[in-house]
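For reference, the structure discussed in these notes is given below.
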Amino acid sequence: MNSINTQPETGLDPKDWNTIRSLGYQIIDDMVDYLSNINDRPVWTPIPQTVKDEFKKPLPQNGSDIFQVYEEFKKNIMPYPGGNIHPKHFAWVQGTGTAMGAFADLLCGVMNNNNTIADQSAMYVDTQVVNWCKQIINYPDEGSGILVSGASIANITALIVARNTMVANAKYAGVYAAAGKLTAYCSAETHNCLGKAAEVIGIGSDQLRKIPVKESFEIDIVALKEKIAEDKANGFLPFCIIGNAGTVNTGAIDPLDELLQIARKENLWFHIDGAFGALAKLVPAYQQKLKAVEQADSVAYDLHKWMYVQYEVACVLFKDAAAHRSAFANAVSYLLAHERGLAAGPETTSNYGMELSRSFKALKVWMSLKEHGIDKYKQMIAQNINQALYLGEQIQQDSKLELLTPVTMNIVCFRFNPGNLDNEQLNLLNKELLMRMHEAGIAAPSYTVLNGKYAIRAAITNHRTRLHHLDEMVAGAVKTGEDLMKEHEANLFKFYYLTK
Ligand SMILES: *Cc1c(COP(=O)(O)O)cnc(C)c1O
């Protein structure tokens with residue numbers, strides 16, 4: 001039998017709100033110091049084993065003082081970031097964030113909206129931000145969209161809509177509703193999240209055809225046409241072409257106009273992964289090459305990369321709002337909008353994507369765009385591209401460095417090449433060089449492999465970077481490479497040691 005407990009009730013709020021207020025002031029002070037002194041710290045610091053061991057401790061049974069919790073954070077967590085807020089971070093494609101973005105996240109946490117349903121301000125801000133996302137890339141106003149955690153989920157969301165639109169009844173009958181194996185097409189340089197998307201939507205990544213690229217790392221249109229024809233002859237069912245507006249390896253932009261034409265001619269869905277590169281559309285020199293973004297059936301891009309907004313936020317946009325909605329909408333009794341009261345107002349966002357509960361991620365975008373205005377972002381993106389061009393030039397001018405592909409946007413791939421090593425040795429040498437640059441805190445580019453060549457890769461989506469930071473990376477790479485060669489010549493550094 002249940003009986004009512006007579007113990008005093010309790011809660012999770014502080015006993016004294018002034019305590020939380022004073023911790024809050026301290027956090028704000030520390031936060032401002034942390035951001036404003038960023039140049040005084042190395043881009044990356046290895047985490048000591050003792051600190052890593054802290055994270056193996058078991059579940060706390062009893063509470064601790066909030067100041068103590070915060071001190072632990074300051075001691076063990078705050079000093080060991082991945083470094084992407086640092087001006088010398090160029091690894092993968094990572095955004096920098098802003099001070100106002102951090103405040104937005106704080107305020108978001110205070111309001112703790114569930115940005116899914118209800119007649120609440122967050123729902124209207126969310127819609128406004130999606131509309132702004134269309135305006136940023138000049139996408140049709142009548143289109144629809146949704147904010148999600150990143151381009152990976154944005155791309156999956158797009159392919160779900162593509163599948164359900166191109167195959168009648170696929171929403172209910174799955175891929176089995178198709179009269180053949182559903183097949184999608186993209187370049188071999190396409191991000192692996194699209195392979196995952198193919199797996200998630202049930203076609204399998206084997207049915208995502210990775211078409212070879214040309215020397216420019218752009219999709220080979222002739223090979224694409226041939227593959228579509230071959231697949232059709234063999235009973236496969238092409239339904240979607242995916243174009244890249246900026247590949248992750250080199251920033252290559254596929255010939256989107258041509259892809260669009262092929263998609264229209266073949267009656268295929270045309271999706272664009274514009275994770276960071278779609279935003280280059282803000283820069284006049286890229287407008288023509290990215291013009292087809294405006295006509296794609298769906299486009300995905302991140303706001304946490306080249307819009308420098310805090311993690312996580314991306315958008316996916318659809319030309320056909322009804323197709324978008326019908327892929328996800330389900331009239332369940334507990335989510336229906338009412339005429340008045342809390343349950344009135346905008347339709348649940350769960351009718352437009354996979355997620356039900358959602359954070360108010362729109363707020364940081366809203367605040368950032370209000371703070372700076374879109375013209376400032378145009379300037380920042382152009383500045384990053386200019387920095388990449390400058391970096392490419394510095395590399396070309398240095399006889400010990402080799403630029404591995406022409407710089408076409410904000411990504412630079414290079415290696416240290418003293419001229420007397422074979423490709424395998426160069427690969428091993430450059431991997432070691434990169435790890436040493438990270439450990440020494442010189443700069444944090446990342447890596448990729450281009451045509452069998454290990455490349456040091458710098459992707460600049462960083463509003464804190466200045467040209468001198470790039471000079472420091474170049475000088476650091478040359479110096480580290482020269483040190484390695486001296487060790488090699490003195491037989492201290494053996495190239496094979498890297499693979500062991
Ligand atoms: C980063 C990236 C993705 C994945 O985006 P997330 O926001 O990390 O999920 C997809 N495509 C390209 C080209 C990217 O650069």
Side-chain angles (χ1 to χ4, degrees), residues 82 84 89-97 101 133 137 145-160 184 186-201 205 208 210-211 213 216-219 240-254 256 259 271-281 286 289-290 293 296 298-317 353-355 358-359 361 364-365 381 384-385 388 405 408-413 445-448 450 455 457-462:
N84 53 294
H89 189 280
F90 316 112
W92 303 291
V93 188
Q94 299 198 352
T96 333
C133 287
I137 59 164
I146 187 164
L147 300 180
V148 292
S149 59
S152 300
I153 302 301
N155 284 319
I156 290 175
T157 306
L159 289 209
I160 293 170
C186 64
S187 91
E189 287 290 301
T190 303
H191 196 277
N192 88 329
C193 69
L194 282 144
K196 291 185 184 175
E199 291 159 14
V200 167
I201 67 165
S205 39
L208 179 64
K210 306 221 175 61
I211 306 300
V213 292
S216 58
F217 297 101
E218 296 166 19
I219 192 167
C240 179
I241 296 178
I242 298 146
N244 287 297
T247 58
V248 65
N249 274 338
T250 67
I253 301 171
D254 286 329
L256 301 174
L259 293 181
H271 172 67
I272 292 179
D273 177 11
F276 59 96
L279 287 161
K281 202 165 176 296
Y286 291 80
K289 201 144 194 229
L290 291 166
V293 166
S298 52
V299 182
Y301 73 88
D302 275 310
L303 296 143
H304 58 211
K305 285 179 178 170
W306 226 354
M307 289 287 285
Y308 321 99
V309 177
Q310 257 75 0
Y311 287 100
E312 310 151 338
V313 59
C315 68
V316 55
L317 304 173
M354 287 305 298
E355 292 171 313
R358 291 167 75 235
S359 70
K361 48 175 79 68
K364 55 197 168 193
V365 184
I381 290 167
N384 283 160
I385 294 172
T405 183
T408 57
M409 210 196 304
N410 62 329
I411 298 184
V412 184
C413 291
S446 60
Y447 44 83
T448 192
L450 299 178
R457 171 183 163 286
I460 312 176
T461 47
N462 191 327

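Since the model is a prediction, treat every value here as computed from it, not as a measurement. Both ligands and their constituent atoms are indexed starting at 1 by order of listing.
Residue S152 touches ligand 1 through backbone and side chain together, judged by heavy-atom distances below 4.0 Å. Contacts of C193 with ligand 1, taken as heavy-atom pairs under 4.0 Å, involve the side chain alone. Contacts with ligand 1 closer than 4.0 Å are made by no heavy atom of W92, backbone or side chain.
Each of W92, Y311, F276 was checked for a ring-ring contact (aromatic ring centres under 6.0 Å, His included) with H304, and the lone residue meeting it is Y311.
The shortest heavy-atom distance from A314 to ligand 1 is not under 4.0 Å. In this structure, E312 has no heavy atom closer than 4.0 Å to ligand 1.
Near G246, meaning under 4.0 Å from one of its heavy atoms, ligand 1 places the atoms 13 (C). Within ligand 1, the atoms closer than 4.0 Å to a non-hydrogen atom of G150 are 7 (O), 9 (O), numbered from 1 in the order shown. Which parts of ligand 1 touch F276 is read off a 4.0 Å heavy-atom cut-off, strictly below it: atoms 15 (O). Those atoms of ligand 1 that come under 4.0 Å of a heavy atom in D302, given as number and element, are 5 (O), 6 (P), 7 (O).
For the pair K361 (side chain) and V313 (backbone), a donor-acceptor distance under 3.5 Å is absent. Under the 3.5 Å distance criterion, the side-chain polar atoms of D273 are matched with a main-chain donor or acceptor of A275. A donor-acceptor pair under 3.5 Å links the side-chain atoms of Y301 to the main chain of C133, judged by distance alone.
Residues N249 and F217 are not in side-chain contact: their nearest non-hydrogen atoms beyond the backbone lie 4.5 Å or more apart. Counting heavy atoms from C-beta outward, E355 and T157 have side chains that stay 4.5 Å or more apart. You'll find the side chain of L317 reaches within 4.5 Å of the side chain of I137, heavy atoms only. Put simply, the side chain of R457 reaches to within 4.5 Å of the side chain of S446, judged on heavy atoms. By the 4.5 Å heavy-atom criterion applied to side chains, W306 and N410 are counted as neighbours. Using a 4.5 Å cut-off on side-chain heavy atoms (C-beta onward), D254 and E189 make no contact.
Taking only nitrogen or oxygen atoms, main chain and side chain alike, N155 does not reach within less than 3.5 Å of ligand 1. Taking only nitrogen or oxygen atoms, main chain and side chain alike, A151 reaches within less than 3.5 Å of ligand 1. For ligand 1, the polar-atom distance check finds no N/O of S149 at less than 3.5 Å from any of the ligand's N/O atoms.
Among all protein heavy atoms, the one lying closest to atom 11 (N) of ligand 1 is D273 OD2, 2.7 Å. With hydrogens left out, the protein atom closest to atom 12 (C) of ligand 1 is A275 CB, 3.2 Å, a heavy atom.
When H191, K305, Q94 are checked for heavy-atom proximity to atom 1 (C) of ligand 1, K305 turns out nearest.
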